Amino acid sequence: MGVAGLLPLLKNASQPGHISDFKGSTAAVDGYCWLHRGAFSCAEKLVLGEKTDMHIRFCMKMIKTLQANGVRPVVVFDGKSLPSKAETNKKRSESKKENRAKARMLFADGQASEAKKVMRRCVEITPELAHQFIEELRRKDVDYIVAPYEADAQLAFLNLNGFVDFVVSEDSDLMLFGCERVFYKMDVNGYGTIVEKSKIPNCLGPRASTYFTHDKFRWACILSGCDYLESLPGIGLKKALKFLKPTSNTDPQTLLKKMPVYLNMPTLTVTQEYIDSFVKADNTFLYQVVFCPDTKKLCPLNPYPAGVCGDDMPYAGTYYDSKLVIDIALGNIHATRHYPMGHPYVPKNGIIVRKTKPTISCLKVSGFSFTKAKIEPKQAAIEILDEEVVKKKETELVAEMINLYGKQIDDSDKVKDEDMLKPKAAAQGRSFQQELGGKGNERPLNVFKKIESTEQKEPTSKFDKIVSRFFVSNIAPHSQVVAVKRKAAPCESQESAAVAKRQITLKDLFK
DNA sequence: GTTATGTCCAAAT
DNA sequence: TGGACATAAC
């Protein structure tokens with residue numbers, strides 16, 4: 001599953017972490033991962049159809065690990081298999097069935113330990129099993145969604161649209177779907193590996209961010225072989241990256257044909273069929289059908305390009321009746337066969353995924369530059385406060401700014417502290433460092449300074465401080481502001497910093 | 001140097 | 001089942 005060798009490749013975008021590093025934020029969790037792990041403790045019973053709840057207990061233990069560390073979980077389950085994968089899933093399911101029959105025979109034959117081994121390899125996580133977990137989540141008032149198709153795409157959708165801050169999973173595909181942050185391989189104690197999208201260029205060679213886009217990254221992964229398309233013989237991640245690195249061609253139809261020449265592999269043949277399958281795989285990563293908890297409708301993971309609609313790509317999922325959509329998302333009916341499962345459930349207030357604000361204790365003012373992230377204070381404030389209150393506060397803020405800088409500055413971060421403060425500081429007979437509040441020789445970084453040191457420092461400015469103060473004093477008491485830990489990576493270049501900057505949106509701040 | 005293949009082990013209590 | 005690792009093959 002996933003892209004072979006991707007996580008090792010992303011080593012420089014990864015770091016060991018603990019779930020408490022995400023304190024105060026919200027996680028989308030791949031439910032099947034945990035069910036699968038939990039099923040190990042009671043594989044025989046599940047296969048023999050005996051009653052057990054060990055697997056559910058394990059899942060709830062993981063849920064508690066998140067909650068105990070101040071992370072609110074939203075659990076996501078797989079729905080219907082995509083047409084492109086239905087075939088392989090069927091085969092897999094059938095082979096498991098055969099193995100289960102074998103295991104039962106072994107067991108009946110008295111070869112208990114041998115049978116157990118086989119059973120552990122053939123437990124299948126059925127929608128019914130998932131439903132047991134769902135019922136427990138309902139009891140514990142934990143949000144969950146059954147995805148219309150693959151959980152991966154749904155997890156990514158929740159992450160990209162501000163429903164959650166990060167994803168907990170084991171599947172490398174999450175990075176291809178465009179997730180910002182994924183917490184991999186979390187153990188029961190909460191330890192795991194954090195992988196960040198903004199750091200992917202760190203793994204693709206020097207100056208990668210100047211020529212590497214996320215599209216190219218995804219294409220390289222598809223070429224190297226993914227769930228939706230096998231690779232051409234002899235093509236792995238390295239070759240794919242090497243091929244895509246120098247090109248500016250964004251049309252797969254003409255681009256892919258050049259592969260044998262570029263890579264000097266005369267035996268390699270790129271058929272039209274392969275190119276068409278490549279485009280389908282790419283579209284499946286970009287536009288897979290997911291469920292939007294706000295509109296309670298199906299939609300593509302990313303908006304379709306102009307002139308394209310869902311009918312053009314049935315392989316990425318098809319749209320169906322809206323009443324069905326909600327019942328499938330809630331786990332009231334089977335995602336594929338549409339029969340009822342358990343008691344119909346309707347969440348409180350009809351809200352399927354809550355968007356609560358994390359607590360004020362998570363506000364890391366010092367680690368985050370509002371100007372760099374281009375957060376519009378006013379827009380942010382209106383999200384939470386009364387517009388009248390915001391207007392009044394804005395006037396006060398502007399007044400304070402004029403008092404400090406001599407004029408109103410915008411948040412385009414084109415202003416050097418030094419330039420702004422020198423005249424004013426000189427007029428008062430002080431150094432601009434003093435004006436900035438720095439101590440002695442401690443000179444604050446300005447936004448133009450290249451981040452080179454291994455020290456994890458964010459450029460800060462007086463303007464940031466004012467905005468931060470504004471947030472803390474006016475917004476935080478009314479709401480709860482999310483922690484935004486933006487730390488410069490050891491080798492983060494200006495370019496990748498710029499990429500990261502664009503990726504931080506208002507949604508990252510207010511959930 | 002990269003891809004393909006083969007083996008072993010660990011997922012949980 | 002997938003991952004990590006070693007080894008063979010290109």
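Bear in mind that the values here come from a model prediction, so they are computed numbers and not experimental data. Protein chains get the first letters and strands the later ones, always in sequence-line order, with residue 1 at the start of each.
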Practice problem: Mark yes or no: A:K216 above the aromatic ring of A:F212, with NZ or CZ under 6.0 Å from the six-membered ring centre and no more than 45 degrees from the axis. | Solution: yes
Quiz item: Rounded to the Å, how far apart are A:L237 CG and B:dG1 P?
Solution: 17 Å
Quiz item: Does OP1 or OP2 of B:dG1 have a side-chain N or O of A:K239 closer than 4.0 Å?
Solution: no
Practice problem: Using whole Å, report how far NZ of A:K238 lies from P of B:dG1. | Solution: 9 Å
Quiz item: Does a side-chain N or O from A:K185 land closer than 4.0 Å to OP1 or OP2 of C:dA4, or not?
Solution: yes
Self-check item: Gap between atoms CG and C1', on A:D187 and B:dA10 respectively (whole Å)
Solution: 13 Å
Quiz item: Under 4.0 angstrom, heavy atoms only, what part of the nucleic acid is A:L7 near: base, sugar-phosphate, or nothing?
Solution: nothing
Exercise. Could you state the atom-to-atom distance from CZ of A:R120 to P of B:dC9 in whole Å?
Key: 15 Å
Quiz item: Over how many whole Å does the gap from A:L232 atom CG to B:dA4 atom C1' extend?
Solution: 15 Å
Quiz prompt | Plane angle bin for A:F278 and A:W219 - parallel if under 30°, tilted between 30 and 60°, otherwise perpendicular | solution = perpendicular
Quiz item: What does A:R121 touch in the nucleic acid at a heavy-atom separation under 4.0 angstrom: a base, only the sugar-phosphate, or nothing?
Solution: base
Exercise. Figure out the CD/C1' separation between A:E44 and B:dA11, and round it to whole Å.
Key: 15 Å
Quiz item: Between B:dT2, B:dA11, B:dT13, which nucleotide has the shortest distance from any of its atoms to the side chain of A:S41?
Solution: B:dT13
Quiz item: Between atom CG in A:L263 and atom C1' in B:dT3, what is the gap in whole Å?
Solution: 13 Å
Quiz prompt | A:Y228 ring center near A:Y315 ring center (under 6.0 Å) | solution = no
Practice problem: Specify whether A:F133 and A:F77 have parallel, tilted or perpendicular ring planes, treating 30° as the upper limit for parallel and 60° as the lower limit for perpendicular. | Solution: perpendicular
Quiz item: If you pin A:H36 and A:P8 to their nearest nucleotides in DNA chain C, which one's is more 5'?
Solution: A:H36
Quiz prompt | Short N-O contact, A:R218 and A:D282, less than 4.0 angstrom | solution = yes
Quiz item: Separation of A:I235 atom CD1 from B:dG1 atom C1', in whole Å?
Solution: 14 Å
